[in-house]
Amino acid sequence: MFPIMMGRMGLVFALLWGCTLCEMPSSVHQTAQGTLNFGDVPAVVYETHAYYEPGPIGILFHMVHAFLYVVQPNPFPRDLITSVAQQRYGDVRQQYQKAIYYELGFIICASLGILFILIVPVVGLFFCLCRCCDNCGGEMHQRQKKNAECQRGCFVTFLFVTSVMIFAGVLCAYVANQNLSSELKGVRHLVNSNFRDLHMLLNHTPAQIEYMVSQYTIARSKIVSDLDNIGPLLGNRIHEQLAKDVFPALDGALNMAGTMRETKESLENVNSSLEVLREANKDLQQKLSNVQANLRNTLNDPACSAPNVSRTCSSIRNSLVQLSINANFNGLPDVNTQLSNVKKVLKTDLSNIVQKGYSMFNDTPNIVKNQTKSIIAALPRVKTMLDSIGANITALTKQYHIQNLLDNLALNLSYSQSYVQDYFALIDQYDFYRWLGCLVMCCLVALILAFNFLGILCGYCGYDKHASPTTRGCISNTGGNLLMAGAGFSFIFSWLLMSIVVITFTIGGNFEKLVCEPFHNKALFKVIDTPYLINPVWKNFLPGFLYQDPEINLTFESLYSECKQNNGVYGALQLEHIFNVSKFLNTSIYTKNVLDMLGNINVNMSAVILLEDAGRQNLINFTQTGIGSINYPAYLAEINKGITKVDLLSFANDLEAQADQLAKGALENALKGHASNIRSIHSQQVIPMEQAMRTLSQNIQFLQRTASDLPTKVNDVLSSIAAAQYLVSQNATYVIIQETENYMDVIVSYFIQYLNWVKNSLSFEVATCKPIANVVDTADIFICNFVVDSLNTFWFGLGCSTVFLIPSIVISVKLAKFYRRMDTEDVYDDSLENW
């Protein structure tokens, strides 16, 4: 019944995957162009944390594991176990030596334990008989020795140390016994937690499936929306691709229109600057001539004839020739002809023509929209097709009765939980019996310890070194008797204790090495997953048991690992192998219908004119305006000259300095007046002329740069526009086809994205099987951590105590001689002593 139900459940999940395939993209939000976000499937937070931390007792567990490694250091016998499991008895007989070699450590230890069980009672019997015959220390006589005190001290020390070791062992056994009982009390909560998680897995799966099914609506809306807006969407894609060539060409034409305006402004600035400079040059020449005449009149003053003054006056008179203009702008030609030609060119508004080209090209989305009306008219048919996909999904989910199957699984799980719950009381009862039996074993050892410690205490407190063996006190004698009682009980119970140790050691040690340790390092899974192991007909047992297809590569290890990572049941059980989605639902039919519809798209953009003929002619006319024929070297030569032959400020300063060398008087004042007049001419005439010259220089240089490669630039612009126009009008078909295919890929990608999301969700988010791994981990915790580790720790402590009973017996018997009251003692004759 269970495998049939598991097979049906697998079919359900595979069916769900197939259903979601036929639904294709659905309730999703758009994050980037062409990318859909379907969100996360509602997650389930499980309660169980299958992790065990032993606490302080873990130190004892590690000690036992180390001891078992010393006893059994061999690797896990996978081949041997496989041979036995497959009943290849001939191989087992040939490999019996390997089996003995693997178990050699356990065999030796168990053999020593059995020898202990057989020999110790026999030795105890003969020891008693020997003592009854006053041998083996049975004679109540103690010989006097000089080192008697030293011997007694050594025996006390050795017995105390031995008893401490026995106490440590029995304490270890007691702690292990208590730990097992206390841990078993928490098993009920752990098991119930696992059942609750399994119920959560079954209860939340329908909601997760419903969420995935509901997501189809958003993908459907996205497909319809993109088809409904095919004009803007496809038009924008075509526009973006063509714009890579069109915009640079139109930008070049627009820049050339700006160059035309700047050229006109520069020509106007040249004319105005020339006019200003010519007028200012004439006025400056007149004023400088007046300054020369006035200075000559001043220098003709009789005061200049004086011996000390004549040299200064002569120097000033010689420098007057420098007071004249240097640059002559009257000889420069004007640019009226070129300006007139440029103004004629600007009568045609090239910028407006280029903007019209921009507008026509930017209207590409509307052009595409108008030419794809047939696609929009077919949208009702597409919507009907998409609705039929959703209807198929709903029909499929109902056809396989997913909810009924999950309800049946939940019901069986409830029965299993009730069945397990009924055994908790029985487990508690048997655990009490186990705890009581182990406690009795510990109490037997504790009884022997009590005799040892009381014997040591009474003997030590009651011992009188001055008393003779026959006159020892009651307390000392009691101590000796207690030690003998401890030795006697050791003989009586040691074989029983060792029997318990051997049995638990053999069972617990082998379980740890053959089950727990291989489970932790995954070696046990490799044995279970061995082909043809469990069923000689099936290569892989798990898929053969669940799906009757043993060829599927599904193993217990892979299932456990997938569930350990909290992946979905669909991926963990590889349910895709039992449901062929491609045969059941061929989604290419739906995408083919959409592709056929989009394949009929035909967009013609020959009506788009990037640059009218008037604009082209305008650019050609611009190259014929004559700005290249301007005599730029003549302009630059005059501009590079100074306004005057000498710097007027320097000349004025020198004149004033020479006047200061003269004696105070009319001549000095006249010369300083002329210097002041020259400074005034510089500030009023020269500085404005210099500003006008800078303006003229800037405009001439701009015109020179523009004219230098104007024909080449215009030809490049015209060539770029011609190439772009050819691309748009004649060769845009390739771009349109390419972008149409990309657009179709985006539409189809919505189906693929939804498909991939469903597959990913089924593999990692829907019906996550962490509870299944938790059940296995809980079994491991219960069996290996709770039971086996505690059992091994119990026999380890009890075995140590039992082994140390042997030296305890020997030392107790030896020490009792020093504490018990003797019947006779050694008597020494005085005469003999004197002799």
Side-chain angles (χ1 to χ4, degrees), residues 46 48-55 57-58 60-86 98-99 102-103 105-106 176 179-180 183-184 186-187 190-191 193-194 197-198 420 427 504-531 533-535 540-543 545 553-567 572-573 769-796:
Y46 295 117
T48 303
H49 296 284
Y51 175 76
Y52 176 67
E53 180 60 45
I57 198 175
L60 298 178
F61 292 167
H62 289 306
M63 290 175 59
V64 175
H65 292 163
F67 176 77
L68 287 175
Y69 178 78
V70 174
V71 173
Q72 173 53 281
N74 301 314
F76 183 66
R78 175 184 174 184
D79 296 337
L80 182 61
I81 294 176
T82 302
S83 299
V84 173
Q86 292 178 334
K98 294 182 179 179
Y102 178 81
E103 290 288 337
F106 286 103
N179 178 74
L180 178 56
E183 295 293 0
L184 287 178
V187 170
L190 193 58
V191 171
S193 174
N194 277 276
D197 286 347
L198 290 171
V420 172
I427 292 175
T504 54
F505 164 74
T506 304
I507 296 173
N510 279 284
F511 208 94
E512 171 66 28
K513 299 298 290 187
L514 294 176
V515 177
C516 296
E517 186 177 299
F519 174 80
H520 295 152
N521 59 27
K522 303 296 181 65
L524 189 61
F525 284 113
K526 290 180 173 59
V527 172
I528 299 175
D529 292 329
T530 300
L533 176 68
I534 302 177
N535 189 320
N540 296 308
F541 174 77
L542 189 58
F545 177 72
N553 188 23
L554 174 62
T555 63
F556 287 97
E557 183 179 5
S558 65
L559 176 61
Y560 173 77
S561 299
E562 290 288 331
C563 291
K564 187 74 172 177
Q565 298 173 12
N566 200 26
N567 293 332
L573 291 176
C769 59
K770 181 70 172 179
I772 298 176
N774 284 342
V775 169
V776 178
D777 291 339
T778 299
D780 170 55
I781 291 173
F782 173 73
I783 296 174
C784 294
N785 298 116
F786 290 176
V787 178
V788 174
D789 280 348
S790 298
L791 178 65
N792 288 338
T793 305
F794 177 80
W795 63 251
F796 181 75

Spell out, as yes or no, whether a donor-acceptor pair under 3.5 Å connects the side chain of [X] to the backbone of [Y].
X: Asp529; Y: Glu557; answer: yes
X: Ser790; Y: Val787; answer: no
X: Asn510; Y: Thr506; answer: yes
X: Thr48; Y: Ser193; answer: yes
X: Asn540; Y: Leu542; answer: no

For this session: Take Val64 and Asp789, measure what side-chain contact (heavy atoms from CB on, under 4.5 Å) needs, and give me the verdict at the end.
Result: CA-CA 8 Å; Val64 175; Asp789 280 348; over 6 Å; no
Kindly compute the distance separating [atom1] ([X]) from [atom2] ([Y]), expressed to the nearest 0.5 Å.
X: Ile772; Y: Leu559; atom1: CD1; atom2: CG; value: 6.0 Å
X: Asn785; Y: Leu180; atom1: CG; atom2: CG; value: 11.5 Å
X: Leu554; Y: Phe545; atom1: CG; atom2: CZ; value: 12.5 Å

Do [X] and [Y] have side-chain heavy atoms sitting under 4.5 Å apart?
X: Ile534; Y: Ile528; answer: yes
X: Val191; Y: Phe782; answer: no
X: Asn792; Y: Phe67; answer: no
X: Leu198; Y: Val775; answer: yes
X: Phe505; Y: Val71; answer: yes
X: Phe76; Y: Asn521; answer: no
X: Arg78; Y: Thr530; answer: yes
X: Lys522; Y: Ser561; answer: yes

Problem set entry | Near-ring test Tyr52/Phe786, centroid separation under 6.0 angstrom |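 They qualify: ring centres under 6.0 Å apart.
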For this session: Apply the test side-chain contact (heavy atoms from CB on, under 4.5 Å) to residues Thr793 and Met63: give CA-CA distance (whole Å), side-chain angles for both, the deciding distance (0.1 Å), then the verdict.
Result: CA-CA 9 Å; Thr793 305; Met63 290 175 59; over 6 Å; no
For this session: Report the C-alpha distance between Ile781 and Tyr51 in whole Å, list the side-chain angles of each, state the deciding distance to 0.1 Å, and finish with yes or no for side-chain contact (heavy atoms from CB on, under 4.5 Å).
Result: CA-CA 8 Å; Ile781 291 173; Tyr51 175 76; 5.7 Å; no
Nearest non-hydrogen partners of [X] and [Y], listed with the distance:
X: Leu68; Y: Gly509; result: CD2-CA, 4.0 Å
X: Phe511; Y: Val788; result: CD2-CG2, 3.5 Å
X: Leu524; Y: Leu514; result: CD1-O, 4.2 Å
X: Glu512; Y: Pro518; result: O-CD, 4.0 Å

For this session: Kindly assign one of parallel, tilted or perpendicular to the pair Phe556 and Phe541, based on the angle between their ring planes and the thresholds 30° and 60°.
Result: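 Correct class here is parallel.
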Exercise. Mind checking whether His65 and His62 have parallel, tilted or perpendicular rings, split at 30° and 60°?
Worked result: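 His65 vs His62 ring planes: perpendicular.
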Problem set entry | Listed partners of Asp777 passing salt bridge (charged side-chain N to carboxylate O under 4.0 Å, His left out), at least two apart |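 Checked Asp777 against salt bridge (charged side-chain N to carboxylate O under 4.0 Å, His left out); matches are Lys564.
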Exercise. By salt bridge (charged side-chain N to carboxylate O under 4.0 Å, His left out), which residues pair with Glu517, not counting sequence neighbours?
Worked result: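 For Glu517, the residues satisfying salt bridge (charged side-chain N to carboxylate O under 4.0 Å, His left out) (neighbours in sequence not counted) are Lys513.
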For this session: Assess the side chains of Tyr560 and Glu562: does a donor N or O sit below 3.5 Å from an acceptor N or O?
Result: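 No - no donor-acceptor pair under 3.5 Å links their side chains.
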Problem set entry | His49 and Asn774 side chains, donor-acceptor separation under 3.5 Å |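 No, His49 and Asn774 have no side-chain donor paired with an acceptor closer than 3.5 Å.
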For this session: Only counting residues at least two apart or in another chain, list the ones meeting side chain to side chain donor-acceptor pair (under 3.5 Å) with Thr555.
Result: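 By the side chain to side chain donor-acceptor pair (under 3.5 Å) rule, Thr555 matches Ser558.
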